[in-house]
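Whatever order the structure lists ligands and atoms in, that order sets their numbers, starting from 1. Keep in mind it's a predicted model, so treat the numbers as computed, not measured.
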Amino acid sequence: MRGLMQQTPLTIDSIFRYTERHHGDKTIVTNSPTGPVRTTYAEWAVRTRKLAGVLDTLGISADGRVGTFAWNSARHLELYFAVPSTGRVLHTLNIRLFPEQLTYIANHAEDEAVFVDRTVLPLLWPLIDTMTTVRHVVVMDDGGDNEIPDDPRVSLYEDHIAAAEPVDFRVEDENTAASMCYTSGTTGNPKGVLYSHRSTVLHTMAVVQPNVFGMGETDVVMPVVPMFHANAWGLAQAAPAVGASMVFPGPMMQPKALADLIVDEGVTFTAGVPTIWQGVLPELAGREHVLRDIGCGGSAVPMALSEAYRERVGLPILQAWGMTETHPVATSARLPRRLFDGSDDDKAAYRARAGIPFMGVEVRIVEAGTTDELPWDDVATGELQVRGSTTALDYYNPDAGVELATPDGWMRTGDVAAIDPHGSVRIADRTKDLIKSGGEWISSVDLENAIMSHPKVKEAAVIGIPDPKWDERPLACVVVAEGEELTADEVISHITPMVAKWWLPEAVEFIDEVPKTSVGKFSKKDLRTRFADYQRS
Ligand code: ADP
């Protein structure tokens with residue numbers, strides 16, 4: 001027997017219509033070098049409808065890929081809705097990628113147009129002739145005086161909007177592609193993850209749940225995680241979907257500017273990678289704010305960072321785990337009720353985990369190279385695999401030999417994890433970052449966590465260095481906090497009670513800064529290159 005309920009497709013334009021109809025009075029603030037620019041969802045909705053008409057006028061194909069090269073802003077939010085709501089595919093280009101990667105990605109996706117912020121135009125324009133399918137470069141003036149090229153491909157966003165009429169749009173098939181993000185990966189070419197309308201709506205409904213980000217109409221949401229990275233963790237759909245006001249940092253990503261925005265605009269929910277919160281901490285400590293959650297993920301969240309926020313800002317960090325291939329949020333570590341009466345240490349330890357998946361995502365850990373599931377005893381570690389309606393099935397036109405799914409239909413994550421009896425995931429490491437010592441694995445993440453709990457340590461990254469006897473041994477690369485002094489012996493004696501003796505780093509190198517990836521994660525690849533021929537002094 002079939003159910004007798006209506007079949008309304010789960011589409012991004014349905015989120016749009018809901019926000020337009022019910023939350024028009026809520027505000028969107030975008031920071032800029034000349035101060036915050038304010039609008040409302042009502043105005044945003046009119047402009048989004050006009051933008052949909054502009055895409056027609058520009059002659060973008062029915063399922064054409066439309067690139068964006070932009071900071072987090074209200075205009076970017078217009079693109080986030082207008083492009084997929086007209087059946088086209090939003091392709092967010094990461095403004096910090098190497099030129100060759102940008103060219104590869106734009107050509108692989110066959111972008112027909114790129115909408116670019118004026119402040120980052122000099123990064124894109126020199127590449128434009130290498131992007132063979134791009135016919136239009138639409139400049140969004142977010143300030144500054146970068147020269148706008150006199151070229152038939154170039155036009156101005158605001159000119160288009162001024163000349164356009166608002167149009168209606170509706171996507172009928174919820175499985176239509178909506179947006180795509182490329183994930184860097186350390187080997188091979190970047191790989192395209194192609195989200196559908198259905199997966200986007202399901203992810204939106206998932207992340208607003210109290211177990212995850214817990215978002216509602218009373219919130220003021222500030223995505224610090226870039227809209228050009230992994231769908232801004234779903235916040236750019238989630239906030240409109242619940243009628244939460246939004247605050248965008250624009251190009252003003254400096255720690256002080258972010259802290260000021262949190263305080264001045266009454267931000268209640270924000271999210272970004274650990275290195276962002278590391279920088280913001282001293283700027284926010286001791287100030288009055290109304291934050292109720294600081295979401296954080298993308299790489300391991302040091303327990304010391306979360307605890308420092310608890311002590312100095314008044315709330316710990318809310319950790320989440322995911323990857324571009326999981327839309328990206330899949331698990332979150334909101335403190336479970338059973339720990340309400342637990343010790344501070346137990347609570348801190350829980351928050352240092354990736355947490356449990358939301359309903360709709362399943363997790364398992366398996367013995368490497370097999371489909372044999374390992375026990376959920378928080379001891380056994382294996383490759384983390386996931387499946388669900390917000391999990392990628394495959395990459396977009398992948399290179400030969402790239403296999404995302406296992407033979408039995410789970411998605412490989414490349415992360416190594418343990419799972420406790422409650423199903424809470426603890427990420428031990430990325431497969432490629434594990435340190436293989438004498439046939440056993442050492443978790444670089446656990447070592448970094450231990451080292452970063454030293455109050456004089458600002459940042460620490462641990463990599464494997466070749467060792468004739470043990471295969472690899474850990475090298476700790478440590479950045480000392482400003483104005484402090486620290487010796488290798490102090491580092492080692494601090495972590496000795498915390499980790500197994502054979503895990504203790506072979507050596508400690510003091511460096512000025514841990515190199516970062518295009519999205520602000522520790523770049524261990526760069527560190528491994530730098531210390532490839534490391535000789536202990
Ligand atoms: P990239 O590989 O370019 O960094 P993603 O942004 O998709 O691409 O990163 C996903 C990866 O980030 C995950 O596979 C995992 O290794 C790491 N990650 C994400 N969240 C966490 C977390 N909470 N703890 C540890 N690692 C995390």
Side-chain angles (χ1 to χ4, degrees), residues 92-94 96-98 101 105 180-195 203 207 212-213 225-234 271-277 294-303 305-306 316-334 350-357 361 363 365 381 383-386 390-392 395 402 404 411-419 424-434 443-449 452 461-462 515-526:
T92 49
L93 291 155
N94 180 338
R96 300 206 182 94
L97 285 185
F98 290 119
Q101 286 177 318
I105 289 172
M180 65 200 310
C181 300
Y182 280 74
T183 175
S184 42
T186 46
T187 53
N189 287 318
K191 300 170 205 56
V193 180
L194 192 54
Y195 304 135
H203 184 262
V207 298
V212 190
F213 295 152
V225 50
M227 290 166 88
F228 59 72
H229 178 225
N231 209 20
W233 297 353
V273 293
T275 46
I276 288 280
W277 300 128
I294 301 172
C296 189
S299 53
V301 180
M303 190 195 290
L305 180 66
S306 186
I317 277 177
L318 170 63
Q319 177 158 194
W321 172 90
M323 49 199 301
T324 305
E325 292 85 339
T326 63
H327 229 298
V329 181
T331 74
S332 58
R334 203 171 274 292
Y350 189 86
R351 294 188 186 110
R353 308 177 69 91
I356 61 167
V361 173
V363 292
I365 43 171
T381 54
E383 191 193 17
L384 180 64
Q385 299 184 342
V386 297
T390 51
T391 302
Y395 292 114
V402 175
L404 186 57
M411 193 194 85
R412 301 185 166 97
T413 66
D415 285 351
V416 178
I419 304 182
S424 159
V425 176
R426 178 168 57 82
I427 304 288
D429 222 330
R430 287 184 160 199
T431 311
K432 52 187 179 278
D433 292 337
L434 276 173
S443 157
S444 64
V445 171
D446 285 358
L447 280 175
E448 287 159 9
N449 252 319
M452 283 193 272
V462 178
K516 309 285 182 329
T517 70
S518 62
V519 290
K521 304 184 189 190
F522 287 179
S523 176
K524 296 198 190 171
K525 192 169 72 167
D526 287 341

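Val329 has its side chain within reach of Val212: a pair of non-hydrogen atoms, C-beta onward, lies under 4.5 Å apart. Residues Thr517 and Lys525 form no side-chain contact, since every pair of their non-hydrogen atoms from C-beta on lies 4.5 Å or further apart. Side-chain contact check for Tyr182 versus Lys191: every heavy-atom pair is 4.5 Å or farther apart.
There is a side-chain donor-acceptor pair under 3.5 Å between Ser518 and Asn94. Using a 3.5 Å distance cut-off with no hydrogens or angles, the side chains of Ser424 and Arg353 do pair a donor with an acceptor. Looking at Ser444 and Lys524, their side chains do bring a donor and an acceptor atom within 3.5 Å of each other.
Scanning for side chain to side chain donor-acceptor pair (under 3.5 Å) contacts around Arg96 gives an empty result, with sequence neighbours left out.
Near Thr324, meaning under 4.0 Å from one of its heavy atoms, ligand 1 places the atoms 5 (P), 6 (O), 7 (O). Listed by number with element, the atoms of ligand 1 under 4.0 Å from a non-hydrogen atom of Gln319 are 22 (C), 23 (N), 24 (N).
When only interatomic distances are considered, the shortest N/O to N/O separation between Gly298 and ligand 1 falls below 3.5 Å. Residue Ala320 places at least one N or O, backbone or side chain, under 3.5 Å from an N or O of ligand 1.
Heavy atoms of Ser299 found under 4.0 angstrom from ligand 1 belong exclusively to the backbone. Using a 4.0 Å cut-off between heavy atoms, Asp415 contacts ligand 1 through its side chain alone, with no backbone atom that close. In Arg430, the part holding a heavy atom less than 4.0 Å from any atom of ligand 1 is the side chain.
In this comparison of Arg412, His229, Arg353, Arg426, the heavy atom closest to atom 6 (O) of ligand 1 sits on His229.
In summary, of the residues considered (Leu194, Thr183, Asn189), a side chain to side chain contact (heavy atoms under 4.5 Å, CB included) with Tyr395 occurs for Thr183 alone.
Not a single heavy atom of Pro328 sits under 4.0 Å from any atom of ligand 1. Ligand 1 has Thr183 within reach: a non-hydrogen atom of the residue lies less than 4.0 Å from it. Using a 4.0 angstrom heavy-atom cutoff, Gly322 counts as in contact with ligand 1.
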